[in-house]
2 protein chains.
Amino acid sequence: MTQSPARSTIADVARHAGVSKATVSRFLNHRDTLLSPGIAGRVEAAIADLGYTPSPMAQALKRGRSRLIGLVVADITNPYSVAVLRGAEQACREAGYLLMLFNLGNEGERESAGIHALSSYRVEGFILNTMGHDAGALLETARQGKPIVLVDRLHQGLDVDFVSLDNRQAIYLGARHLVDAAYRELLLVTEPLGGVSSRLERARAFDAFVREHGGAVSGQCFESQAQGQDALVAALQAARARAQARSAMPAVISNNAVVTLRIVAAVAGLGWRLGRDIGLVGIDDTEWAPYVGPGISTISQPTDELGRMAAQCLMQRVAGSNVPARKALLPGTLVARGSSRQ
Amino acid sequence: MTQSPARSTIADVARHAGVSKATVSRFLNHRDTLLSPGIAGRVEAAIADLGYTPSPMAQALKRGRSRLIGLVVADITNPYSVAVLRGAEQACREAGYLLMLFNLGNEGERESAGIHALSSYRVEGFILNTMGHDAGALLETARQGKPIVLVDRLHQGLDVDFVSLDNRQAIYLGARHLVDAAYRELLLVTEPLGGVSSRLERARAFDAFVREHGGAVSGQCFESQAQGQDALVAALQAARARAQARSAMPAVISNNAVVTLRIVAAVAGLGWRLGRDIGLVGIDDTEWAPYVGPGISTISQPTDELGRMAAQCLMQRVAGSNVPARKALLPGTLVARGSSRQ
DNA sequence: TTGTATGCGTTATCAT
DNA sequence: ATGATAACGCATACAA
């Protein structure tokens, strides 16, 4: 493997074109304003000749701007995170930014480490989809004037842009759909609330929905943990018993795709059939939803939009905008399938 | 939002501790070898006081080492890519490297742009999971002495480290399992071969398997495209017809999770039942595999291992190792479920 | 319009 | 053992 010449620098170009480094730099940055016709051509040719590309590192050092955006996700394995990531990456790229990714792998304590690592690379802003269990590092970067956009999860005491599914609308959409399909005993299954804003909001919206429907509809909330399949099975059985006691039909609203699979497993274990013995609507529409059991009804999140919007909010801030913190709530859409047929 | 003081530099620390910049730098880099007891303490205190962190940008500029690894994936939406990414990120982080991600979004032509973008940030090496339709940029970076590790897909004319599922072993494992379950008419469904090494290898292994079994087992290969569901349905029907003509059972081997879902959809559309009317083993074990139909039998790839190994190979190269290009083939494991019960 | 000189935050080479 | 200084690649204030 022939070790080829190191990549050329602005000095090389200058020498090659017989001009000064400053001139080359000007050609790069102020081509239109300050430039002499003949020289410009020579510089351009030299750049092409040497295949010169500016070093973003050096530029960052000089300008204090890195054209880098930091993205911290709680768990890259979560399809939701990936979907958002996708949209965000696209928007950033189109704006000439590159994304630096930090995955917490569900170890929330590492959030601070992630922020610091990215921060040290002088990223110009952060997109965060984390639990927010580490307010310190965040407050610090916010105080340093680095823009932050929160996705899906709000963090306490942090007055920054926020992009999320309209949780209330989504829960109402799903619950109403179930009620319309004659289900009357509802169970919201969520991962442990644990102060996570989106989960709390959904739980609250669920309560509100049930309350608004007086005695006609009754509902409970169950916090499911990965290890606690037995408890989930029990909760399902209890819900069905309550329903049968008043000759009603039970149905479950699932808080995300991971929980949906847990419910599917529990239902299968009980020998029940979705849509016949128990209804189900899950938040997050996945590629497999149509093919599990009779098809899982879902509330689809506009994930690409969420990612794009997060990135765009951030770009505005990076560009200097100083408007008050915004909250962007995007609506979910219902995809009805067999699991909620009456 | 109070614009807090800019982050402190090595000069600040030096002033604070009443020493020279060089001394601080020494404390940071050669603490053990050259150091006076008292001074060290003062520097350490100053660093703690000011919350100083070195700027990787400046370090990169000076050292020519960025502690950055570039990861280019064909499609971040592909669960396989994500799984590998996960393993790679972890290994990199543990080695003190950060990952810069570039997603092609299935637009292969952007590969060159991605390589160049990352390259300009002076990443120290590349992990690539792409189609390799753009050999130019790759050859160039290889010639620049930047290590490259290919994951899953080999690129022509590029003699670099390669980490992948043992495709032959995986296909044989799946095919033998189906034959053991009394399926005799096999159909390999893959995305269009199009010169993608992993797909070609699997197709070849499949052919070899069929050949080795003489007339007892017969097999065909079908290239499925996203838009061509009808063609897939027809291929399935044809396979079943061939099977029935010799009173045998048909079964499908799917090349990856995306194709598996297409097959599931086609089978559902035909009103067939997996495991009864047609067998199925899919490469890639996903979270939903147990819950689709009677459960999808799969060949599970050691994705985390693949990612880790790719990263570790790269780290070795980055550290200067110059051993000949390696090929690491990791075995898949069979997860038998309802879709292949005889 | 172009060139010279300086500094961004580090590290390394010289001195001392 | 420590300090002054140059250099990494670039952009800019200033001088010409």
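Per chain, numbering begins at 1; letters A, B, ... match sequence-line order.
- Atom-to-atom, CZ of B/R122 to C1' of C/dT10 comes out at 16 Å; the value is rounded to the nearest Å.
- For D/dG9, neither phosphate oxygen OP1 nor OP2 lies less than 4.0 angstrom from any side-chain nitrogen or oxygen of A/S55.
- Distances from the side chain of A/A22 to the nucleotides C/dT10, C/dT4, D/dT2 place C/dT4 closest.
- At C/dT2, one or more side-chain N or O atoms of A/S36 fall inside 4.0 Å of OP1 or OP2 (strictly under the cut-off).
- For the pair B/R63 and B/G18, both in contact range of DNA chain D, the more 5′-proximal nearest nucleotide belongs to B/G18.
- Side-chain N/O atoms of B/Y52 include one lying less than 4.0 angstrom from OP1 or OP2 on C/dT10.
- The 5' end of DNA chain D is approached more closely, in terms of each residue's nearest nucleotide, by B/P37 than by the other of B/P37 and B/A58.
- Between the side chains of A/Q312 and A/R317, no donor N or O sits under 3.5 Å from an acceptor N or O.
- With hydrogens and angles disregarded, no donor-acceptor distance shorter than 3.5 Å links the side chain of B/R42 to the backbone of B/H16.
- The base of D/dT12 has none of its N or O atoms less than 3.5 Å from a complementary donor or acceptor on the side chain of A/K62.
- Nearest to the side chain of A/T9, among C/dT4, D/dC10, D/dT5, sits D/dC10.
- Across all strands, A/V24 comes closer than 4.0 Å to no nucleic acid atom at all (heavy-atom distances).
- Taking side-chain N and O atoms only, A/T23 has a distance below 4.0 Å to OP1 or OP2 of C/dG3.
- In this structure, CZ of A/R42 is placed 13 Å from C1' of C/dT1, rounded to the nearest angstrom.
- Taking a cutoff of 4.0 Å between a charged side-chain nitrogen and a carboxylate oxygen, A/E124 and A/R65 qualify as a salt bridge.
- A/K327 places a side-chain N or O within donor-acceptor distance of the main-chain N or O of A/V160, the cut-off being under 3.5 Å.
- When distances run from any side-chain atom of B/V19 to the nucleotides C/dT11, D/dG3, C/dT4, the shortest one goes to D/dG3.
- In this structure, A/H30 does not reach the C/dT1 phosphate: none of its side-chain N or O atoms is under 4.0 Å from OP1 or OP2.
- Backbone-only engagement by B/T53 is indicated by non-hydrogen atom pairs under 4.0 Å involving sugar-phosphate atoms exclusively.
- Nucleotide C/dA12 holds its C1' atom 12 Å from the CD1 atom of B/I10, rounded to whole Å.
- For A/L61 and C/dT11, the CG to P distance is 12 Å, given to the nearest whole Å.
- Listed for the A/R67 side chain is a donor-acceptor partner under 3.5 Å among the backbone atoms of A/G96.
- Between A/E89 and A/R308 there is no salt bridge, since no side-chain nitrogen of the basic residue lies less than 4.0 Å from a carboxylate oxygen of the acidic one.
- OP1 or OP2 of C/dT11 has at least one side-chain nitrogen or oxygen of B/Q59 nearer than 4.0 Å.
- Whole-Å rounding puts the A/R31 CZ to C/dT2 P distance at 14 Å.
- Straight-line distance from the CE atom of A/M57 to the P atom of D/dG9: 13 Å, rounded to whole Å.
- A straight line from CZ of A/F27 to C1' of D/dC10 spans 16 Å, rounded to a whole angstrom.
- If you measure from atom CZ of B/R26 to atom P of D/dG3, you get 8 Å, rounded to the nearest angstrom.
- Nucleic acid contact class of B/S25 (heavy atoms, under 4.0 Å, all strands): base.
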